[in-house]
Amino acid sequence: MTVNDLLSLLEIALGRMAVVDHKPMQSGDLKATDADITRRIDYNGLRPCTNLGIGLKWFLNWYGEYYESI
């Protein structure tokens, strides 16, 4: 998943388009990552089971209720 994919999911969940200001890569930015949750799954047997788009909607609903705005 790319940052643009995540941004698209957020736009869908919020129901509005983001204002995007592309910048050059900054020092410390990663071009790729080898993030892997296999060891965590092996350790405690828990697997992510919520679709990210649905999870974002749930989080935004909670956030909006808790802070009374988004």
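All figures in this text were calculated on a predicted structure; none of them were measured in a lab. All values below were derived from every heavy atom in this structure, side-chain atoms included, with hydrogens, water molecules and symmetry-related copies excluded.
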Q: Using 0.5 Å steps for rounding, measure from the CG atom of Leu56 to the CG atom of Leu6.
A: 6.0 Å
Q: Counting only pairs under 3.5 Å, give me each side-chain donor-acceptor contact of residues 8-20, with atom names and distances, residues two or more places apart or in other chains.
A:
unit_1	atom_1	unit_2	atom_2	d
Ser8	OG	Asn4	O	3.1
Glu11	OE2	Ala18	N	3.0

Q: Please verify the inter-ring angle class for Phe59 with Trp62; under 30° counts as parallel, over 60° as perpendicular, anything in between as tilted.
A: tilted
Q: Tell me if a side-chain donor or acceptor on Asn61 pairs with a main-chain N or O of Trp58 at a distance below 3.5 Å.
A: no
Q: Could you pull out all residues at least two apart from Tyr67 that satisfy ring-ring contact (aromatic ring centres under 6.0 Å, His included)?
A: Tyr63
Q: Can you tell if the side chain of Leu7 reaches within under 4.5 Å of the side chain of Thr2, non-hydrogen atoms only?
A: no
Q: Under 3.5 Å, which donor-acceptor pairs link side chains of residues 22-37 to any protein atom two or more places apart or in another chain?
A:
unit_1	atom_1	unit_2	atom_2	d
Lys23	NZ	Asp21	OD2	3.4
Gln26	NE2	Pro24	O	2.9
Asp29	OD2	Gln26	N	2.7
Thr33	OG1	Ala35	N	3.2
Asp36	OD1	Thr38	N	3.0
Asp36	OD1	Thr38	OG1	2.5
Asp36	OD2	Thr38	OG1	3.4

Q: Please list every donor-acceptor pair under 3.5 Å in which a side-chain atom of residues 41-50 meets a protein atom from a residue at least two apart or in another chain.
A:
unit_1	atom_1	unit_2	atom_2	d
Asn44	OD1	Leu46	N	3.0

